[in-house]
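Reading through the structure tokens given below for one structure.
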2 protein chains.
Amino acid sequence: MYFPPMTHTATKTPAHPARGDARLALLDAALALVRRQGWAATSIDQLCRTAGVTKGAFFHYFESKEALGVAAAHRWTEVTTPLFENAAYHRHADPLARILGYLDFRVAIVQGPLEAFTCFAGTTVQETYAASEAIRSACGACITDHAARLEEDFEAALRKYRPRAAVTAESLALYTQTVLQGGFVLAKAKGNAGPLLDGIAHLKRYLQFLFKARSTS
Amino acid sequence: MYFPPMTHTATKTPAHPARGDARLALLDAALALVRRQGWAATSIDQLCRTAGVTKGAFFHYFESKEALGVAAAHRWTEVTTPLFENAAYHRHADPLARILGYLDFRVAIVQGPLEAFTCFAGTTVQETYAASEAIRSACGACITDHAARLEEDFEAALRKYRPRAAVTAESLALYTQTVLQGGFVLAKAKGNAGPLLDGIAHLKRYLQFLFKARSTS
DNA sequence: TGACACATACCTACCGGTTGGTATGTACTT
DNA sequence: AAGTACATACCAACCGGTAGGTATGTGTCA
């Protein structure tokens, strides 16, 4: 997973969310704070302050910080999935056009500060892969599930264009995520989105090389 | 920067390093611990315990945890630079062969646990880019400087093969790092090095497409 | 050659604040 | 009346950082 809206479904986290909204407020606070500061640097107190609830509410819904992390990963999938599902690029009849459209969509949502378009799952898993198997696998599933949607289009593109190279749809879908995640890291290191945009451009060229090698062009 | 030896120059960090070695012991402890646990999860106390020194020694050499982070980034460059500089792939006369050799070398050092071949700079900058400009720029320099060596080979390859596509040596060098960093993230998310190895294979194919398009093949 | 001056390289003990987590109480909803 | 959804108050452990001491040099001059 990857991109995100910084504005949550509940539009704006209120000072005191209505009864029943504390869980969602905490989850959305987690997505926002962790993307900016990382997992370990985000404390439960800060989460509660941002969400406008107390620690009692936190431990009412989550039995530990780790449990919150797992739930936040699920929430991340929940919030990003419709974003990509409703995007216009799915309308293309050609599977390769859909994939390239996905990449263009990625470029289009690169706006605002870095924490507005980087990935919760990628950030979190870097810190927790050795410490928490539960969080690791939840974040891993975020990325794998997101790649799985692309995989279908790659499958179709492979059938249609039959490139010379022996590549699998799964490997290509994962590679797109590799480039995106790496782009996020480089963007953070450089302080701007340039490397991410460049990375996507290189990836598009690779896919064109790969598929157009025997296509109609 | 990226790969690393987990075994330090001072072979093994002793329980109590000899007088004068505390600084290096702390730095090497930082590289090891941060790559496994992340930056924020690594405390000064734990650093001192691992290095076999006390807090007094820590603050004798570093005025803050942030200062240690900056120094560790420099140490990271110091320890990885000779590793790549002494590698055999530099012997190739053809610049493209050197680049492909670099990637093969990357594959060759993917061994042991994840924290043994992932990147200190990439891990650290993900957590600190918003919180510490000093650490961010130090880690950014790690990656940029490492890419700069590759850039020379790309420059030569570009001159020699003159590919049709309008790409710069800098952009290509940065893209290799993007793929590597992204590979590290996916490897952590999946729990194995597969995505990293696959990513490198895709990158090699891209470069071959790009340069062989007008080459002798 | 020795002794004094001084710097470097640490170590022990401690500080206020924050951490993740708990125990208990209360108000609202059904 | 009872369960759900919180809030309040609290805790031991740990956090980054400081204060003040000591052990081990090293340079200087008689």
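Each chain gets a letter, A, B and so on, in the order the sequences are listed, and its residues count up from 1.
For DNA chain D, the residues of residues 57-67 of chain B within the heavy-atom distance limit of 4.0 Å (strictly under) are F59(B), S64(B), K65(B), sorted by number. Contacts between residues 37-48 of chain B and DNA chain C, counted as heavy-atom distances below 4.0 Å, involve no residue at all. Within residues 125-137 of chain A, no residue has a heavy atom under 4.0 Å from DNA chain C.
With sequence neighbours excluded, the residues satisfying side-chain contact (heavy atoms from CB on, under 4.5 Å) with N192(A) are K190(A), P195(A). Evaluation of the side-chain contact (heavy atoms from CB on, under 4.5 Å) rule for A189(B) yields V125(A), I143(A) as partners, not counting sequence neighbours. Under the side chain to side chain donor-acceptor pair (under 3.5 Å) criterion, E78(B) pairs with R75(B), not counting sequence neighbours. Contacts of H92(B) classified as side-chain contact (heavy atoms from CB on, under 4.5 Å), with partners at least two apart in sequence or in another chain: Y89(B), A97(B), R98(B). Every residue meeting the side chain to side chain donor-acceptor pair (under 3.5 Å) condition with S171(B), not counting sequence neighbours, appears here in chain and number order: H202(A). Under the side chain to side chain donor-acceptor pair (under 3.5 Å) criterion, E85(B) pairs with R149(B), not counting sequence neighbours. By the side chain to side chain donor-acceptor pair (under 3.5 Å) test, E127(A) is found to be paired with no residue, residues two or more places apart in sequence or in another chain being considered.
Ring geometry for Y206(B) against Y175(B) counts as perpendicular: the plane angle is over 60°, on a 0 to 90° scale with 30° as the lower cut.
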Report all interatomic pairs (protein N or O, nucleotide N or O of nucleotides 28-30 of chain C) with separations under 3.5 Å.
residue : atom : partner : partner atom : Å
dC28(C) : O2   : R19(A)  : NH2          : 3.4

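To the nearest 0.5 Å, atom CG of residue L100(A) and atom CZ of residue F105(A) are 15.0 Å apart. Atom CZ in F59(A) sits 11.0 Å away from atom OG1 in T54(A) (nearest 0.5 Å).
Listed here is the closest heavy atom pair of T123(B) and V34(B): CG2-O, 3.8 Å.
The separation between D21(B) atom CG and dG25(D) atom P is 13 Å, rounded to whole Å.
For an aromatic pair to be called close, the ring centres must be under 6.0 Å apart, and Y102(B) with H146(B) satisfies this.
Among dT22(C), dG16(D), dA7(D), the nucleotide with an atom closest to any side-chain atom of K55(A) is dT22(C).
Screening residues 56-71 of chain A for side-chain hydrogen bond (donor to acceptor under 3.5 Å, both in side chains) gives E66(A)-S132(A) as the qualifying pairs, with residues at least two apart or on separate chains.
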